[in-house]
Amino acid sequence: MDCDGGVDDYLATMLLMTMDNIQPLGVVVTAADCYPQPAVNATRKILDLMEVSDIPVAESKVSGVNSFPNLYRRDSYVVDHFPILNQQETITTPLIAEPGEDFTVKVLRQAAEPVTIMATGPLTNIAVALQKAPEIENNIQRIIWMGGALNVPGNVEKKWEPGQDGSAEWNAYWDPVSVAKVWDTQIEIIMCPLDITNNVPVTSEIVQQMGKQRNYPISDLAGKCYALVIPQDYYFWDVLATAYLGKPDFFELKIRETEIITNGKSQGRTKIVSGGRKVSVMETVDKQAFYNYILQQWKR
């Protein structure tokens, strides 16, 4: 799991850990949509709460080009202070001493079979790992990435980033050069862009449904996380992408030819171009089945 410590990254990690068909090898947190210390702490506390404290967490030391707004990043402090995550005196889930990019290299080198990388943040940690050890590309089965916007506007608002044209999505915009480096590999990429996530908003109704099953700790935590962001236009970005691992039959994928714009007013744009890099794109999802699935998974 390669994430960047936003609210939806915690929720995606929580969903992943409920999947019986997955063998998690570790979680890497990049300080993009978060501040590193509270994000790493919150991630470890969540794994403790879910009783999967044998899964190591590493903090990536990579940096991006365009910083997330501080207003977004401060949510990592809030989640780290939720009472449900602070019932124990100590954190059991191990924190790896080495940087996340080196941990990624080690895990891939040691893997007995090809590994799926579930990426819910920028692709910088993966790009740096590949630069350090190009041979690990052969050990990556695929990358499932929540990022990009193809036929819809991006979510990099001009009020935050003057001079941009609004076509980029944040996970691509944070470090578009690294996205382009991953695009230059032969790794299979399954992309969950804003085009599909725009169809699955976080609504008051579904947050209230989580509240009705708050006697289950994970559902209680999920409800708290979504209550934190409900005043915003918020979507099941990372959670939707991660749900593909558990329920691929909910989705329709299509092959698209794409390129990454790395500079100028459109930097971070993921653009459909004839003859571009082929990626599998999540185009449609059974929305009600998805909503039912996450409610069921967190009711455990």
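Predicted, not measured: the structure shown is a model, and the values here were computed from it. Position 1 is the first residue of the sequence, and the numbers go up from there.
Between E257 and G275, the shortest heavy-atom contact is OE1-N, 2.7 Å. The shortest non-hydrogen separation linking Q296 to R300 is O-CG, 3.9 Å. Minimum heavy-atom separation, S76 to P38: O-CB, 3.6 Å. Contact detail for L253 and S280: the closest heavy-atom pair is CD2-CB, 3.9 Å. Contact record, Y10 with A39: OH-CA, 3.3 Å, taken as the closest heavy-atom pair. Closest approach of V27 and C3 over heavy atoms only: CG1-SG, 4.0 Å.
L150 has its side chain within reach of T270: a pair of non-hydrogen atoms, C-beta onward, lies under 4.5 Å apart. Side-chain contact between K181 and L130 is absent, with no heavy atoms from C-beta onward closer than 4.5 Å. For the pair V52 and D54, the minimum side-chain heavy-atom distance is below 4.5 Å. For the pair L194/M146, a side-chain contact is recorded, criterion being any heavy-atom separation below 4.5 Å from C-beta on. Residues M17 and I46 have side chains not in contact (no heavy-atom distance under 4.5 Å, counting atoms from C-beta outward). A 4.5 Å side-chain heavy-atom check between T13 and L47 finds at least one atom pair inside the cut-off. The shortest distance between side-chain heavy atoms of D238 and L11 does not fall below 4.5 Å. Looking at heavy atoms from C-beta onward, L85 lies in side-chain contact with L49 at the 4.5 angstrom threshold.
The CD1 atom of I91 lies 8.0 Å from the CG atom of N86; values are rounded to the nearest 0.5 Å. A distance of 10.5 Å separates NZ of K45 from OG1 of T43, quoted to the nearest 0.5 Å. A distance of 9.5 Å separates CZ in R73 from CZ in F68, rounded to the nearest 0.5 Å. The line from OH of Y226 to CG of L221 is 10.5 Å long, rounded to the nearest 0.5 Å. With rounding to the nearest 0.5 Å, the separation of CD in Q87 from CZ in F82 is 13.5 Å. Between atom OG1 of residue T93 and atom CD of residue E51 there is a gap of 11.0 Å, rounded to the nearest 0.5 Å.
Linking Ile, Leu, Val, Met, Phe, Trp and Tyr residues whenever their side-chain heavy atoms come within less than 4.5 Å places V29 and M1 in a single cluster. M282 and V182 fall into different hydrophobic clusters, where Ile, Leu, Val, Met, Phe, Trp and Tyr side chains are chained together by heavy-atom contacts under 4.5 Å. The hydrophobic cluster containing M19 does not contain Y216, counting ILVMFWY residues as joined when their side-chain heavy atoms lie under 4.5 angstrom apart, directly or transitively. When hydrophobic clusters are built by joining Ile, Leu, Val, Met, Phe, Trp and Tyr residues whose side-chain heavy atoms come closer than 4.5 Å, directly or via intermediates, M118 is grouped together with V285. V207 and F236 fall within the same hydrophobic cluster, defined by Ile, Leu, Val, Met, Phe, Trp and Tyr side-chain heavy atoms under 4.5 Å apart, directly or through other members.
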(request) Report the C-alpha distance between C192 and I144 in whole Å, list the side-chain angles of each, state the deciding distance to 0.1 Å, and finish with yes or no for side chain to side chain contact (heavy atoms under 4.5 Å, CB included). (result) CA-CA 8 Å; C192 180; I144 301 174; 5.8 Å; no

(request) I would like to know whether E101 and V105 meet side chain to side chain contact (heavy atoms under 4.5 Å, CB included); could you show each step before the answer? (result) CA-CA 6 Å; E101 56 272 32; V105 170; 6.0 Å; no

(request) Start with the C-alpha distance between W298 and L15, add both sets of side-chain angles, then the distance that settles side chain to side chain contact (heavy atoms under 4.5 Å, CB included), and finish with yes or no. (result) CA-CA 7 Å; W298 288 331; L15 180 62; 4.2 Å; yes

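The main-chain N or O of K254 is never found under 3.5 Å from a side-chain atom of E283 such that the two would form a donor-acceptor pair. Judged by distance alone, the side chain of Q267 and the main-chain N or O of P176 form no donor-acceptor pair under 3.5 Å. A donor-acceptor pair is defined here as one N or O able to donate and one able to accept, closer than 3.5 Å; such a pair exists between the side chain of D9 and the backbone of G6. Side chain of N21 to main chain of L245: a donor-acceptor pair is present (N/O by atom type, distance under 3.5 Å, no hydrogens or angles). A donor-acceptor pair under 3.5 Å is formed between the side chain of W145 and the backbone N or O of G121. Side-chain N or O atoms of Q232 include none that pairs as donor or acceptor with a backbone N or O of Y234 at under 3.5 Å. A donor-acceptor distance shorter than 3.5 angstrom exists from the side chain of W170 to the backbone of N155, with no hydrogens or angles considered.
With no hydrogens or angles considered, no side-chain donor-acceptor pair links T258 and R277 at under 3.5 Å.
When each of L108, I136, I140 is tested with V115 by the rule side chain to side chain contact (heavy atoms under 4.5 Å, CB included), just one qualifies, namely L108. With S60 as reference, V28 is the one residue of D2, D4, V28 to meet the side chain to side chain contact (heavy atoms under 4.5 Å, CB included) rule. If you run side-chain hydrogen bond (donor to acceptor under 3.5 Å, both in side chains) between S219 and each of K224, Q209, Q213, K212, only Q213 comes through.
Surrounding CZ of R214 are at most 12 heavy atoms belonging to other residues, nucleotides or ligands under 6.0 Å away. Residue-environment remark: CD (Q131) stays at or below the threshold of 12 foreign heavy atoms within 6.0 Å. Atom CG of D233 is surrounded by 12 or fewer heavy atoms from other residues, nucleotides or ligands within 6.0 Å. Summarising the local packing, CD of Q37 is surrounded by 12 or fewer heavy atoms from other residues, nucleotides or ligands at distances under 6.0 Å.
Taking the six-membered ring wherever Trp is involved, the centroid distance between the rings of Y291 and F250 does not fall below 6.0 Å.
Salt-bridge formation is not detected for the pair D195/R256: no Lys NZ or Arg NE/NH1/NH2 atom is positioned less than 4.0 Å from an Asp or Glu carboxylate oxygen. A salt bridge does not link R44 with D48: every distance from a Lys NZ or Arg NE/NH1/NH2 to an Asp or Glu carboxylate oxygen is 4.0 Å or more.
Taking the six-membered ring for Trp and thresholds of 30 and 60 degrees, Y77 and Y35 have ring planes inclined between 30 and 60 degrees apart. Below 30°, between 30° and 60°, or above 60°: for W237 and Y235 the angle between ring planes is between 30° and 60°, a tilted geometry.
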